[in-house]
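Worksheet: one structure, shown below.
Proteins come first, then strands; the chains are lettered A, B, ... in the order of their sequence lines, and each starts at number 1. These numbers come from a predicted model, not from an experiment.
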Amino acid sequence: MIKNYLKIAIRNLKRNKVFSAINVIGLSIGIATCLIIMLFVKDELSYDRFNEKADKIVRVVFKASINGGKIAEATVMPPTAQVLLQDFPEVKEATRIQTSGTPTIEYREKSFREGALGFADANFFEVFSIPMLQGNAKTALSQPNSMVITEEFAHKYFGDENPIGKVLNIKSWKTLYKVTGVIEKMPSNSHFHFDMLGSLVSNPDAKSSSWMSSGYFTYLVLQDGYDYKKLEAKLPQTVEKYMGPQIKQAMGVSISQFQKKGNKLGLFLQPLTDIHLKSDMTGELEANGDIRYVYIFGAIAIFMLIIACINFTNLSTAEASKRAREVGVRKVLGSVKYELIRQFLLESIVLTSIALVLAIALVQIALPTFNELSGKHLSIDIKEHYLLLLSLIPFGLLVGILAGSYPAFFLSSFKPVEVLKGKFSTGRGSISLRSGLVVFQFFISVSLIVGTIVVYQQLSYIQHKKLGYEKDQLLVLKGTWALGKNEDVLRKELLKDPRVANVTTSGYKPAGDTDSNNSMAYAENDDTQMMRTLEYHIDDQYIPTMGMQMVSGRNFSKEFPTDSTGIIINESAAKAFGWGVNAVGHNITRLKNNDGLKIRYHVIGVVKNFHFKSLHESITPLLMVMESSPGLIVKVKTKDVSGLLNNIKKQWAAFNVDQPFSYAFMDEDFNNMYKVEQKTGTILGIFAALTIFVACLGLFGLATFTAEQRTKEIGIRKVLGADIPQIIGLLSKDFLKLILIACVMAFPLSYWTMSKWLQDFAYRIDISWLVFIVAGVSSAIIASLTISYQAIKAALANPVKTLRTE
Amino acid sequence: MLKITGLEKIYRTEDIETMALNRLSMEVKEGEFVAIMGPSGCGKSTLLNIIGLLDDPDAGSFQFNSIEVAHFNERKRADLRKRNIGFVFQSFNLIDELTVYENVELPLLYLGIPATERKQRVEEVLEKVQIMHRKNHFPQQLSGGQQQRCAVARAVVNKPKLILADEPTGNLDSSNGNEVMQLLTELNDGGTTVVMVTHSEHDARYAHRIIRLLDGQVVMENVLS
Ligand SMILES: Nc1ncnc2c1ncn2[C@@H]1O[C@H](COP(=O)(O)OP(=O)(O)O)[C@@H](O)[C@H]1O
Ligand SMILES: [Mg+2]
C-alpha cells in the first residue's frame with residue numbers, strides 16, 4: 001500500500017513541477033540557513049571547552065576607574081599568578097602567557113616571519129589540554145630558552161628531520177631557543193593560537209615583583225566545584241596587601257586615599273569558557289566573539305526554519321485546494337478520511353526529504369563563502385557531525401508532518417457534495433491564520449532589513465567621519481627598528497623621492513596596536529590628581545605628516561632646543577587638566593617609569609582631538625612628547641604607489657638587514673578595527689535577503705491560493721465593470737495591509753535593538769526615520785512584485801470561463 | 001438597438017471544434033423584451049455573452065446602438081458594458097464576502113459615482129426589489145429568490161439600457177421565479193430592453209418575442225401578443 005501511495009506522491013510532484021520546485025527550494029534554503037547558523041552557534045559556544053579543566057579555569061583581569069577614565073585590561077601584573085597560588089589553597093594551579101607578536105625566526109637558511117610567538121610558564125600544559133606529540137609536556141617549558149612549536153611549523157623549519165633539540169634563532173633579540181616539544185596545532189575554537197611557545201623563565205621580567213606593570217595573561221585552575229565568585233570576593237584584600245605599598249611609593253598616596261577620591265581598581269575573574277563570547281577588554285589575545293551575535297543569529301536560525309515551514313504549509317495548502325475535486329470524487333468513491341490524510345502526509349514527507357538532501361548540498365556549497373565572511377572554519381563532516389546529520393532524519397519527518405498535516409486535514413475534511421458543486425470555501429479562521437503567518441514572515445524580514453541598513457550606515461559613517469587626521473595615502477613601514485641608524489638614512493632618501501610628500505619617524509599610529517602606551521601624569525605640582533593618559537612618542541614631522549591640526553600653540557620644532565621638555569596635548573587632555581583653550585604654558589609632570597622617576601614638561605601646543613582608537617571609544621587624554629620611536633610613516637602624493645614601494649624595497653635591500661621589508665596602509669589598519677562590524681553587516685544582509693526570498697516564495701504561494709479562491713469573485717467583478725488595475729489592486733491590497741501590520745510591529749523592535757547595538761559606539765549615527773521608510777517600502781515593493789504575477793493572471797482571465805461552472 | 005448578422009463563434013479544444021454559433025443573425029429593438037430558447041448546448045449562453053460584450057465573435061457583425069462593436073478591444077468593451085448592460089445569472093453570482101448592499105453598490109463604485117448618490121441609488125433599487133430590510137445580510141443568509149432579487153437589483157442599479165438574463169429562474173421555485181419575472185417585466189415597462197435565455201415556456205410568455213435556436217442558428221421566431 002505504501003508503495004502505491006509513494007507512486008501517487010511522486011507522480012503528483014512530477015505533475016506540478018513548478019510548484020514542487022518552489023516548495024522544495026524554499027524549504028531547503030530555510031533548512032540550509034538554519035544548519036549553517038547552528039554550526040556557527042555550536043562553534044561559538046564551544047570555545048575553549050576542549051580543555052579538560054575548562055570548567056575550573058578562570059582568567060584574572062584588571063579593571064579600574066581612575067579620575068573618571070575606565071580601564072579594563074585582559075592582562076595583569078607579573079606576580080599575580082604566584083601570589084594567588086600561594087595565598088589561596090582553592091587555587092590549584094596558576095599559569096601565565098605573554099605574547100610577542102610574529103618576529104622573524106630562523107633556522108639555518110630558513111627564515112619565516114609568520115609564526116605567532118608566545119611565552120608560557122612551565123605548567124602551561126597542565127592547565128591547557130593541548131596535546132604534545134613529541135617531548136615531555138611536564139618539562140618542555142621548564143628551562144630558559146626552550147621552545148615548543150606546532151607540528152606545522154616543525155615541518156616548515158625542519159622538514160622530515162626530528163625537531164627535538166634543534167635550535168631556532170629569534171634574530172632581532174639575538175637569542176637562541178632549543179626546541180623541546182612538538183604540539184598539535186591549537187584548536188580553532190581556542191581563544192589563543194600560538195605557533196610557538198617559549199619558556200617564560202627566559203624572560204627576566206617574568207620574575208618581577210612589580211604591581212605597577214602588566215602584560216601577563218594569567219589563568220588559575222580552581223579546586224573542583226569551587227565557585228570563582230567566592231575567590232573574587234577575596235581579591236580586594238590581596239590587591240591592598242601587595243599593590244598598596246607600591247602605589248604609595250609611586251604616587252605618594254595610600255590605596256585607601258586613592259579610593260576615597262572615587263577611584264576604583266581591582267582584580268577580577270572570568271571563567272575560561274566566557275572569554276570568547278563575553279569578554280571585551282583592552283589587549284585581548286584575539287578578537288573575541290560576542291554573545292549577542294550568538295543570540296541574534298540563533299534567533300534568525302529559528303525564525304528562518306519557522307518561516308520555511310510556514311511556507312511549506314501555505315504552498316502545500318494552496319496546491320492541495322486545486323485537488324479539492326479529486327478529494328471529493330475519491331470520497332464519493334468510498335475513500336476513508338484517514339487514507340487521504342496518509343496520502344497527503346506521505347507526499348509532504350517525500351517533499352521534505354528531497355528538501356533535506358538539497359539543504360545538505362546547499363550547506364556544502366555555501367560553507368566556504370560563509371567561512372570567508374565569518375572568518376570561521378566550519379565544515380559538515382560526517383564523522384564529526386554524524387549526530388547532527390542523524391538528527392536531521394527525525395527532524396525532516398517532523399517538518400514533513402507539521403507542514404503536511406494542515407493541508408492534509410484541511411483537504412480531507414472537504415464535504416464532497418460542496419466540493420463537487422465547486423462551492424467549498426475555507427473558513428475565516430484559516431484565512432486569519434495564514435494572514436498571521438504572512439505578518440510574522442514580513443515582521444522578521446523588515447526587522448532584518450532595518451538592522452542591515454543601520455549597520456551599513458554606521459560603517460559608512462565610520463568611513464567618512466572626520467578623524468582628526470588624514471588616513472588616506474599614508475604608508476606605514478614596519479620593522480624599521482632593524483635598520484638602526486640607517487632608519488634616518490632611509491627617511492632622508494624617501495624625502496628625495498618626488499612621490500613622497502612627507503615622512504615622520506614614529507611608530508605610533510592612530511589605528512591598530514599602539515594604543516596601550518599609557519602613563520600617569522598630573523598637572524603642575526598637584527600629584528593627588530594623577531591621571532592616566534596615552535602617550536605618543538613623535539618627531540617634529542608627525543603632526544604635518546598625519547594631517548593633524550593644532551588648536552592652539554605650535555608644533556615641535558628643531559629651532560627650539562627646549563622642546564625636549566615641551567609637550568603637546570590633545571583637546572581632551574587640555575579639558576581634563578582643567579585648562580581648556582588656555583593650556584599653552586602650563587606644566588605637566590609625568591611618571592617616567594614605575595620607579596617613581598618624574599619628568600616635568602611645559603605645554604607648547606594643543607592638537608585637535610583625533611581618533612587614536614576605534615570609534616567604539618571616546619577620545620581620552622593624550623600626551624605627545626619628542627622622543628625617538630622607531631617606525632616610519634610616509635605621506636604619499638602619487639597614484640604610482642607600487643613604483644614607490646618598489647623603490648623603497650630596493651633601498652631596504654641595500655641596507656642588508658635580516659628583517660624583511662613589510663608595510664601597511666593606514667586606511668587598511670583603520671578598516672581592520674571594524675572587521676567584526678563589517679562581517680556582521682554582510683552576514684545580516686545575506687540573512688535578510690534569504691529571509692525575504694523565502695518569505696516571498698510563501699507570499700507567491702498564498703497569492704496563488706487566494707487568486708484561485710477568488711476566481712469567481714474576480715469574474716463577477718469584471719462583468720460588473722471592474723478594469724484590470726482595479727482587480728490587481730483588489731488582490732494586492734490585502735497583502736499590502738498585512739505588510740503594513742508587519743512594519744508597524746517590526747519598527748519599534750528593530751529601533752530598540754539597533755539603538756542598543758549603536759550604543760557600543762562612542763561615535764554613532766542617529767537612526768533616521770528614512771531607514772524605516774526604505775525598509776517598509778522596499779519590502780512592499782518586493783511583495784507587490786511577487787503578488788503581481790498571480791494578480792495580473794487573475795485579472796486577465798476571461799470571466800466567461802471563470803463563471804462557466806454552472 | 002442590437003443588430004447581429006452572420007455571427008460565428010467556434011470553440012477549439014485539443015481534438016474537437018465546436019461551432020457554437022453558426023452564421024447567426026438577429027435583431028432586438030429598443031424597449032423590447034426578447035426570450036431566447038433552445039435545447040442545451042445550442043449556443044444560447046454563447047450568444048448572450050457576445051451580446052453582453054464578455055466575449056468576442058470569430059466572424060460576423062454586431063452593432064450595438066448602430067456602432068460596430070464586434071472587434072472592440074477588451075478595454076472598450078468593458079467601458080461600454082459597465083455603462084449600458086446589466087447581467088442576471090442563473091446561479092446569482094453574488095460575492096459571498098460582501099453584504100447585499102455592498103453587492104448592489106459594486107457597479108456604481110466601478111462607475112466612480114460619488115458616495116451620497118450611490119447610497120441613494122442603491123437604496124432606491126433595494127426598495128424596488130423589496131429586499132431593503134435585508135441590506136446588511138450576506139448572500140448565504142438569503143433564500144434563493146431573495147438572492148436573485150438582489151442580483152437583479154445589482155444588474156439595474158446603474159440604469160442600464162439593456163438587461164441580459166441567462167436562465168434567471170433556473171435555480172428558483174415557481175413562486176420565486178414568478179417574482180423575478182415580474183421584476184423584469186416592470187423594468188421592461190420602464191423602458192429597459194431585456195434579453196433573456198430560458199428553458200421555461202411559462203417564463204418565455206412574459207416576453208414580446210421568442211427566438212428559438214438550434215445548433216447555433218435561429219430556427220424560428222414567435223411574436224407574442
Ligand atoms: N469554453 C468553451 N470551450 C469549448 N466549448 C464550449 C465552450 N463554451 C461553450 N462550448 C460549447 O459550445 C456549445 C454552446 O454552448 P452554450 O452556449 O453554453 O450552450 P447553452 O447555453 O445553449 O446550453 C456547446 O456545445 C458547448 O459545449
Ligand atoms: Mg447556458
Side-chain angles (χ1 to χ4, degrees), chain A residues 321 324 415 417-432 434-435 705-735 737-738 791-806, chain B residues 9 11 20 40 45-50 52-56 73-98 102-113 138-140 151 154-158 160 164 166-168 170-171 197:
Chain A
S321 46
K415 294 204 171 54
V417 183
E418 284 177 16
V419 174
L420 291 181
K421 266 167 70 191
K423 226 178 159 184
F424 76 97
S425 72
T426 53
R428 294 254 154 202
S430 62
I431 288 175
S432 60
R434 260 173 281 129
S435 305
F705 186 67
T706 316
E708 225 143 73
Q709 290 236 299
R710 294 176 77 171
T711 35
K712 189 182 140 205
E713 180 195 335
I714 291 165
I716 299 169
R717 284 179 185 268
K718 281 188 83 172
V719 170
L720 296 179
D723 54 25
I724 290 166
Q726 278 166 325
I727 297 290
I728 297 173
L730 175 80
L731 285 174
S732 311
K733 203 177 68 194
D734 289 351
F735 287 113
K737 230 187 276 168
L738 299 181
I792 291 171
K793 202 170 103 182
L796 290 179
N798 187 343
V800 175
K801 291 208 179 91
T802 52
L803 295 182
R804 228 177 66 90
T805 35
E806 294 157 42
Chain B
K9 180 75 185 175
Y11 289 113
S40 197
S45 297
T46 307
L47 176 61
L48 213 62
N49 287 336
I50 291 175
L53 299 166
L54 290 172
D55 217 348
D56 49 356
N73 64 18
E74 160 116 24
R75 200 197 179 89
K76 277 179 158 172
R77 276 192 274 137
D79 197 57
L80 200 61
R81 183 168 71 226
K82 72 179 167 190
R83 286 173 207 291
N84 296 301
I85 305 173
F87 285 89
V88 181
F89 300 91
Q90 177 182 358
S91 60
F92 324 138
N93 277 340
L94 297 169
I95 294 175
D96 292 339
E97 288 77 18
L98 302 180
E102 288 161 346
N103 262 291
V104 175
E105 190 188 24
L106 218 46
L108 302 181
L109 276 174
Y110 290 131
L111 281 173
I113 294 188
F138 286 95
Q140 303 287 316
R154 191 178 66 182
V156 301
V157 72
N158 58 344
L164 301 175
D166 197 345
E167 300 185 37
N171 281 356
V197 167

Legend entry - Segment of B:L53 engaging chain A (4.5 angstrom heavy-atom cut-off): neither

Can you list, pair by pair, the side-chain donor-acceptor contacts under 3.5 Å of residues 724-733 of chain A, counting residues two or more places apart and other chains?
residue: A:Q726; atom: OE1; partner: A:D723; partner atom: N; Å: 2.8
residue: A:S732; atom: OG; partner: A:I728; partner atom: O; Å: 2.8

Inset, instruction - Check each atom of B:L106 against the heavy atoms of chain A and say whether the ones under 4.5 Å are side chain, backbone, both or neither. - result: side chain

Inset, instruction - Not counting sequence neighbours, which residues clear side chain to side chain donor-acceptor pair (under 3.5 Å) with A:E713? List them please. - result: A:R710, A:R717

Inset, instruction - Quick one: pull up CG in B:D96 and CD1 in A:I716 and give me the separation to the nearest 0.5 Å. - result: 7.5 Å

Inset, instruction - Looking only at non-hydrogen atoms, find the nearest pair between B:R81 and A:V719 and report the distance. - result: NE-O, 3.5 Å

